[in-house]
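This is the structure I want to talk about, given as structure tokens.
Predicted model only: the values in this text are computed from it and were never measured.
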Amino acid sequence: MSLAPYRRKPACQVSGRGYDEAAGRERSWRGMAWSQQVRPLGEAMTRRLGCVGAGSPRIKAVGVAPLSAGAGPRLIPPTRQACKCRPCSHEVVDSRMGGHAESCRDEAPWKKLSKEELETQYSPSRWVVRPGAEEALRTFSQMGAQATRRARASRRSLLHVPYGHRDGEKLDLYFPDGVSEALPFFVFLHGGYWQGGSKDTSAFMVDPLTSQGVAVVIVAYDIAPKGTLDLMVDQVTRSIAFLQKRYPSNKGIYLCGHSAGAHLAAMMLLANWTEHGVTPNLKGLFLVSGVYDLEPIMHTSQNDPLLLTWEDTQRHSPQLLLQATPKPPVAPALHTLVIMGQHDSPEFQRQSREFFQVLCRGGWKATFEEIPDVDHFEIIENLTQKGYVLIQIILGIIFQQF
């Protein structure tokens, strides 16, 4: 993949927690974490970390330009530092990830927040940089509905295809031009805190991806209070198994989830496919602005319709499950991208960084991306644009250009 030439920009700031030797205590900090390359004017960029196999994350490249751009990226070597938290100082972590080793923590950072602070951290609309939280939510829904109407009007499609027997177990398929079934399939799981959202307002990326030869699948699942997390995870698993059985000659299934959908997509790393009689050709996961440890959600108003118990959060937190029962990847070719927006809340960003670290330590092939200048909703809204950096990343993974 070719990328445009870069000019230098001062190191970018990130926040985190660390041990303050002078003060003799742990504290939050903001500091210059890593060097960042930036684009020529008009081209979107990201910050990227990557890991291949077990170990700490390391930087792979910074910046992604449109596929038709010029020269290649400059690789930046990683900087590493010893974890200084008490009582140990033996574990090495990557300083850019904004914190110290998970195994050294005495208490999860979110537990130090007040109930009001926790509510704010897990309310994505409060962190939009556009005027008006309600307006941001309204814009997101309207853009999704418009993109879906356009996709259904302009693309060859199969709508409301049942993958199970329940009313909510439907999916929409959108195809590129041509009749071949030997296609890569991009499967999208909408967000909405497991209690909102719909496949009927989620076809943001159909035009940019189908125009490049990728089939797009938008999956519905039973949201709360009708559906439980147990049911939702099972439905997503069965939808992937259904797709593999229906299109066995596919060139790869690439699963993407946003927010709550990212959590459901991450749970597929733990799926027992033998129970479904098929092993899907799963080649990529795109986890966008997700939540991977559900225990904090239990202490917010988002839990009112979910009714999560502590046992539920332990059973359905992919971060905790992968930490507790590490296992070698079942699909060596599977590439997981953990993606967040620059204007996601600090807690959403922490969850993304820590889940990426868990994947690296567990031996998964993983990459971390931060998309600049977008909030929790814009990061998906912009998928309607063919030149959007996340579209280019998705296409690069599908066509093996990263």
With a 6.0 Å cut-off on ring centres, are Y221 and Y163 close enough? no
For the pair S211 (side chain) and P208 (backbone), establish whether a donor and an acceptor sit closer than 3.5 Å, ignoring hydrogens and angles. yes
State plainly whether the residues R156 and D177 are in salt-bridge range, i.e. N to O under 4.0 Å. no
Side chain to side chain donor-acceptor pair (under 3.5 Å) partners of E169, counting only residues at least two apart: Q235, R238
Only pairs under 3.5 Å count here: list side-chain donor-acceptor contacts from residues 288-297, not counting sequence neighbours, and write none if there are none.
unit_1: S289; atom_1: OG; unit_2: D344; atom_2: OD2; d: 2.6
unit_1: Y292; atom_1: OH; unit_2: G290; atom_2: N; d: 3.4
unit_1: D293; atom_1: OD1; unit_2: E295; atom_2: N; d: 3.2

Please list, one pair per line, the donor and acceptor atoms closer than 3.5 Å that link side chains of residues 246-256 to other protein atoms, with sequence neighbours excluded.
unit_1: N250; atom_1: OD1; unit_2: G252; atom_2: N; d: 2.8
unit_1: N250; atom_1: OD1; unit_2: N281; atom_2: ND2; d: 3.2
unit_1: N250; atom_1: ND2; unit_2: Q244; atom_2: OE1; d: 3.0
unit_1: N250; atom_1: ND2; unit_2: Y247; atom_2: O; d: 2.8

Do the rings of H263 and H316 sit parallel, tilted or perpendicular, given the 30° and 60° boundaries? perpendicular
Given side chains that start at C-beta, do those of V233 and M268 come closer than 4.5 Å, heavy atoms only? yes
Just by modelled atom types, is the E116 backbone N or O under 3.5 Å from a matching donor or acceptor in the T120 side chain? yes
Is there a side-chain contact between D373 and V129, using heavy atoms and a 4.5 Å cut-off? no
Which of these, Q302, Q351, H299, sits in a side-chain hydrogen bond (donor to acceptor under 3.5 Å, both in side chains) with Y122? Q351
Aromatic rings F175 and F185: how do their planes relate, parallel, tilted or perpendicular, breaks at 30° and 60°? perpendicular
May I ask you to decide whether R150 forms a salt bridge with D207, counting only side-chain N to carboxylate O separations under 4.0 Å? no
Quick check for you: to the nearest 0.5 Å, what is the distance between E347 atom CD and S123 atom OG? 12.0 Å
